[in-house]
Amino acid sequence: MTQLEELLAGWIPRQRWFAGKGIPIEKVVVEAEHSVVPGEPGMRVLVVDVGQRGSISRYQVLLGSRPPGTLREELTHAAIGVCELPGHGTACTVYDAAHDPELTGLLLERIAVGAVSGSVRFHRLPGTAIRTGLRSLVLTGEQSNTSLVYGEDYVLKTFRRLWPGRNPDLELTSALSGCPFVARPHGWIEADLTDDGQAVPTTLAMLQQYLRSATDGWALAAISVRDLYAAPDIAPGEAGGDFAGEAERLGAATASVHRALARELPTDVLTPRGLRELAGSMLDRLRLAISEVPELAPYAGALRTAYEAFARVEEPLPVQRVHGDYHLGQVVRTDSGWVLLDFEGEPAAPVGERQRPSSPLRDVAGMLRSFDYAARHQLIGKACEKSLAPVARAWARRNREAFCLGYAFGGGVNPEKYQTVLRAFEYDKAVYEVMYEARNRPSWLRIPLESIAALAGAAP
Ligand SMILES: Nc1ncnc2c1ncn2[C@@H]1O[C@H](COP(=O)(O)OP(=O)(O)O)[C@@H](O)[C@H]1O
Ligand SMILES: [Mg+2]
């Protein structure tokens, strides 16, 4: 490994966006290095291959470089180390350039003019004018990616995990441009990534409108739940912080986005064979989950029955492009209503897989599971957990019903009429959550397990 790769091997696992936490790193290789800002301070886009358990994941690092000892104090938290960079001759301090507004400002300028910096291409969407000279700040809600806010105008989302191809977030957000429930896209940055010896244009970052008045859906739901727990004798509908109106509007916004996606992008109908294959992949996930989490075994029968019923559904199941990773943390409430964000899908899956049409009811199921989490997570480990459990269930049920009603009003299918399909998707999501919680957050494992128990208990 080069000096830089050694430094990255120590730094990458500590980053929030690194998906392979807890698994030993076998190797780190800088696969490609694109100089974007030459000189000092300099900026390079690195494509870094991280090898774990015999497989490789690719990550993007925006690497800033400055002469040693010249990193300003406010950037020291972003430091990666000191090393010699290829073609540089002398040692320099390298750091995460996403935190350096002096460098990130140049990214905005380049998008504004549609520049080409070596092999990195900057694009501005036709019909948009971009204001430059704005300072950027890294958004603190960082999860799988790193988003920079420029002034109060734009968000530049830099994708951390890279897969060859156009990122579905850019693809879907562009297809939905003009939809009131989506933040307007303004441009993107791309470079070629090698895939099977072919150079594939790959999205590195996407620029979109910053929603100034946005409040996170998860945070809003959590406030409503907290209000209710403070006065548990009041029915959810009468509580001051009732969320049902919001849930209904969110359902309508979701349906509207689904309809727009079906208009703009290919749709299909799942063949009986496709349906069986989908049910088969749910069964595979269940098997894997049971092998990791034996507490799931008592419900295996009910889950299998639900998946088998799903495989036998006779009415045609329409499929289309969907959000793919839909939950309360992916929607924000603005002054003018709900806005859906982050159409990237599941970042751990290859782009080709995420582009496959799916049932919009999968997104509905994702949001319904999120209501369950919102209702339950504040009770974990609290003395009042048992006594408040019925209140949590009432909150989740009320908002679930409101969301489904809004979804049907908004022109989506009525989820209540597709119980077999919806139930299979909800189970499948909960099984995924069981594995996720067992691996990452064992104290929360009860949330999906108890939901599965409740769903299984209510099964016809
Ligand atoms: N255009 C935007 N306007 C306002 N806030 C945003 C915008 N885009 C993202 N955010 C905030 O940043 C968070 C993370 O963004 P998201 O696109 O979901 O990235 P990730 O892939 O890291 O989850 C969102 O939950 C939201 O709070
Ligand atoms: Mg997100």
Side-chain angles (χ1 to χ4, degrees), residues 15-19 21 57 59-62 96 98-99 104 108 111 125 128 130-131 134 136-163 166-174 176-189 203-223 246 250 253-254 257 322-349 351 354 363 366-367 369-370 373-374 429 433 436 440:
Q15 305 312 302
R16 174 101 182 252
W17 40 261
F18 178 60
K21 292 209 175 68
S57 306
Y59 289 91
Q60 173 178 202
V61 175
L62 281 176
D96 185 358
H99 293 270
T104 56
L108 191 62
I111 294 175
L125 271 175
T128 60
I130 291 172
R131 221 156 76 86
L134 301 169
S136 76
L137 261 180
V138 173
L139 254 184
T140 48
E142 176 188 58
Q143 289 173 14
S144 336
N145 298 295
T146 300
S147 294
L148 313 178
V149 184
Y150 287 89
E152 291 201 313
D153 297 56
Y154 310 110
V155 173
L156 181 72
K157 178 170 175 176
T158 60
F159 297 106
R160 290 297 191 168
R161 183 95 191 256
L162 295 180
W163 294 92
R166 198 163 194 231
N167 192 292
D169 205 2
L170 174 63
E171 187 194 4
L172 269 58
T173 306
S174 304
L176 292 166
S177 184
C179 170
F181 307 109
V182 174
R184 233 174 101 80
H186 290 291
W188 73 97
I189 308 175
T203 318
L204 301 174
M206 173 176 78
L207 187 73
Q208 68 178 165
Q209 173 200 4
Y210 175 59
L211 305 160
R212 291 169 212 191
S213 62
T215 312
D216 191 69
W218 174 258
L220 279 179
I223 293 169
E246 291 296 356
L250 179 59
T254 307
V257 168
V322 298
H323 184 282
D325 184 21
Y326 201 44
H327 54 79
L328 281 163
Q330 306 280 43
V331 293
V332 288
R333 179 73 166 84
T334 71
D335 290 347
S336 54
W338 286 102
V339 174
L340 281 59
L341 294 170
D342 198 0
F343 288 82
E344 196 186 2
E346 175 50 64
V351 166
R354 289 186 255 158
D363 284 347
M367 190 54 78
R369 291 290 317 128
S370 194
Y373 260 74
K429 183 77 202 246
E433 291 160 1
Y436 178 87
N440 298 290

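For ligands, and for the atoms within them, numbers begin at 1 and follow the listed sequence.
Where the criterion is an N or O separation shorter than 3.5 Å, residue side chain and backbone included, D342 meets it with respect to ligand 1. Remark: ligand 1 and N145 share an N or O pair separated by less than 3.5 Å (distance only, no angle test).
Less than 2.8 Å away from the Mg ion (ligand 2), the protein contributes these N/O/S atoms: Q330 OE1, D342 OD2.
Contact atoms of ligand 1 toward V155: 1 (N), 2 (C), 7 (C) (distance under 4.0 Å to a heavy atom of the residue). Listed by number with element, the atoms of ligand 1 under 4.0 angstrom from any heavy atom of Q209 are 1 (N), 2 (C). For ligand 1, the atoms closer than 4.0 angstrom to any heavy atom of Q143 are 22 (O), 23 (O). Using a 4.0 Å cut-off to heavy atoms of Q330, the atoms of ligand 1 that qualify are 18 (O). Less than 4.0 angstrom separates some heavy atom of L139 from each of these atoms of ligand 1: 10 (N), 11 (C), 12 (O).
Looking at L341 against ligand 1, only its side chain comes within 4.0 Å, counting heavy atoms.
Residues L156 and L108 are not in side-chain contact: their nearest non-hydrogen atoms beyond the backbone lie 4.5 Å or more apart.
Between the side chain of S136 and the main chain of L148, no donor-acceptor pair closer than 3.5 Å is present. Distance alone, capped at 3.5 Å, is enough to place a donor-acceptor pair between the D363 side chain and the H323 backbone. For the pair Q330 (side chain) and D325 (backbone), a donor-acceptor distance under 3.5 Å is present. Looking only at distances, a side-chain donor or acceptor of T158 sits under 3.5 Å from a matching main-chain atom of T146.
Using modelled atom types and a 3.5 Å distance limit, the side chains of S144 and R160 yield no donor-acceptor pair.
To the nearest 0.5 Å, atoms OG (S370) and CG (L328) are separated by 3.5 Å.
Y154 pairs in a side-chain contact (heavy atoms from CB on, under 4.5 Å) with only one of the listed residues (Q209, Q208, H186), which is H186.
Across every non-hydrogen atom of R354 and A349, the tightest pair is NE-O, 2.6 Å.
A salt bridge is absent between D169 and R161; no separation between the charged side-chain nitrogens and carboxylate oxygens falls under 4.0 Å.
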